[in-house]
Protein chains: 2
Amino acid sequence: MNIEEALRARGIPLTHQRLAIYERLKKSKEHPSAEDIYRALKPRYPSLSLATVYKTLQTLEKLGLISLVNRPHAQARYDAITERHHHAICERCGRIDDLFDPRLDELPLPKGAGGFVVTGHSVHFRGLCKGCAGAKERRKR
Amino acid sequence: MNIEEALRARGIPLTHQRLAIYERLKKSKEHPSAEDIYRALKPRYPSLSLATVYKTLQTLEKLGLISLVNRPHAQARYDAITERHHHAICERCGRIDDLFDPRLDELPLPKGAGGFVVTGHSVHFRGLCKGCAGAKERRKR
DNA sequence: ATTCTTGCAAACGGTTTGCACATAC
DNA sequence: GTATGTGCAAACCGTTTGCAAGAAT
């Protein structure tokens, strides 16, 4: 399913901007920022505004057509633990739990990262924390 | 080595603020933000300013006494790939490479995350990208 | 006494929002 | 024709910075 169908299927108007922004993102492998995309498209679409790029990216993400590499606008969170460990992040309330699990500390070096020198890694689990999972369960009944 | 020794060892003055901020962070398991810490300490240290909390957290991080859960200050980066994959992030130039490796897709569910319902995960490798690793190597010679 | 830190307020940078005009359907 | 998107500028929010006053050594 291409983007035109995906948008039509949801009754979302297909505009030149949306198409251009999506195509641009699809073509680039550098995980561009909103501003990168804006700068790349500006010459061909002189009236394009940065706000539109942001709004469009948000729309596409909600539709599941694109994804975010790193959550924006989040505030920095700190941790007194400096030893190697991993995190479970609740998608509902933002709670972050620490995970200590030696099996996660010894991951295979990734294939296909041609020439990348790894100095460390961390695993992020997404999902619902105990409290939020419980709340959801209770609402069902 | 406690924080007082760690700071003294580096000739960094030990202030009430630094001590209070570090102790507060050590006590809390919720990975607080700078503002969380600020609010928690304000009643006992009425003259404390948010800027000091930020500066102190930065200092402690540089010394390796604390760590950041999520990088702040970064702009959102987008990806047209929505299938499961992982990332290699260059600590020098910020470049992000995609990694596809089925061995990373099937991680053991973490132990000790009591009640956390996992819906997905991703692995972040840190290190130097091909270009930056090469540049470093060349500088050595 | 000297050096480094603190606190304040202003600046900053990325992102969001309100609103009038334009466009898709 | 109606609903929705776009573009602009202003607002926003977390974070940083410049600087005068204060504290640690």
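Both backbone and side-chain heavy atoms feed into the values below; hydrogens, waters and symmetry mates do not. Lettering follows sequence order; numbering is per chain, from 1.
Proximity of B:Asp36 to B:Arg39: side-chain heavy atoms (C-beta onward) are separated by under 4.5 Å at one or more points. A heavy-atom distance below 4.5 Å is found between the side chains of A:Leu68 and B:Tyr78.
Across all non-hydrogen atoms, the minimal contact from A:Arg103 to A:Asp101 is NH2-OD2, 2.8 Å. For the residue pair A:Leu57 and A:Ile66, the shortest heavy atom distance occurs at O-CD1, 3.5 Å. The two residues B:Ile21 and B:Val53 come nearest to each other via the heavy atoms CD1-CA, 3.8 Å. Here the closest heavy-atom approach between residue B:Gln17 and residue B:Leu48 is recorded as CG-CD1, 3.8 Å.
Under 4.0 angstrom from either OP1 or OP2 of C:dT23 there lies no side-chain N or O belonging to A:Gln17. Between A:Ser49 and the phosphate of D:dC8, there is no side-chain N or O to OP1/OP2 separation shorter than 4.0 Å.
For the pair A:Tyr45 OH and D:dG5 P, the interatomic distance rounds to 18 Å; values are reported in whole Å. We find that CG of B:Leu57 is positioned 14 Å from P of C:dT5, with the value rounded to whole Å. The distance between atom CG of A:Leu50 and atom P of D:dG7, rounded to the nearest whole Å, is 11 Å. Atom CZ of B:Arg10 and atom C1' of C:dT5 are 18 Å apart (whole Å). Spacing between atom CZ of B:Arg18 and atom C1' of C:dT6 amounts to 10 Å, rounded to whole angstrom units. Rounded to an integer number of Å, the gap from A:Leu7 CG to D:dG5 C1' is 12 Å.
Here D:dG14 is the nucleotide among D:dG14, C:dG14, D:dG7 with the atom lying nearest to any side-chain atom of A:Gln75.
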With a cut-off of 3.5 Å and sequence neighbours excluded, list every side-chain donor-acceptor pair involving residues 113-123 of chain B.
unit_1   : atom_1 : unit_2   : atom_2 : d
B:Thr119 : OG1    : A:Arg126 : O      : 3.3
B:His121 : NE2    : B:Leu104 : O      : 2.8
B:Ser122 : OG     : B:His124 : NE2    : 3.4

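Taking for each of B:Leu48 and B:Arg77 the nucleotide of DNA chain C with the nearest heavy atom, the 5'-most of the two is the partner of B:Leu48. Taking for each of A:Thr59 and B:Gln58 the nucleotide of DNA chain D with the nearest heavy atom, the 5'-most of the two is the partner of A:Thr59.
In summary, the side chains of B:Gln75 and A:Ser33 do present a donor paired with an acceptor at a separation below 3.5 Å, with no hydrogens or angles considered. Residues B:Asp98 and B:His87 bring a donor and an acceptor atom of their side chains to less than 3.5 Å of each other.
Within 4.0 Å (heavy atoms only), B:Thr52 reaches at least one base atom of the nucleic acid.
A heavy atom closer than 4.0 Å to some atom of DNA chain D occurs in no member of residues 25-38 of chain B.
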The contact string for nucleotides 18-25 of chain D, one letter per nucleotide 5' to 3', using protein heavy atoms under 4.0 Å with B, S and - for base, sugar-phosphate only and none, comes out as B-----SS
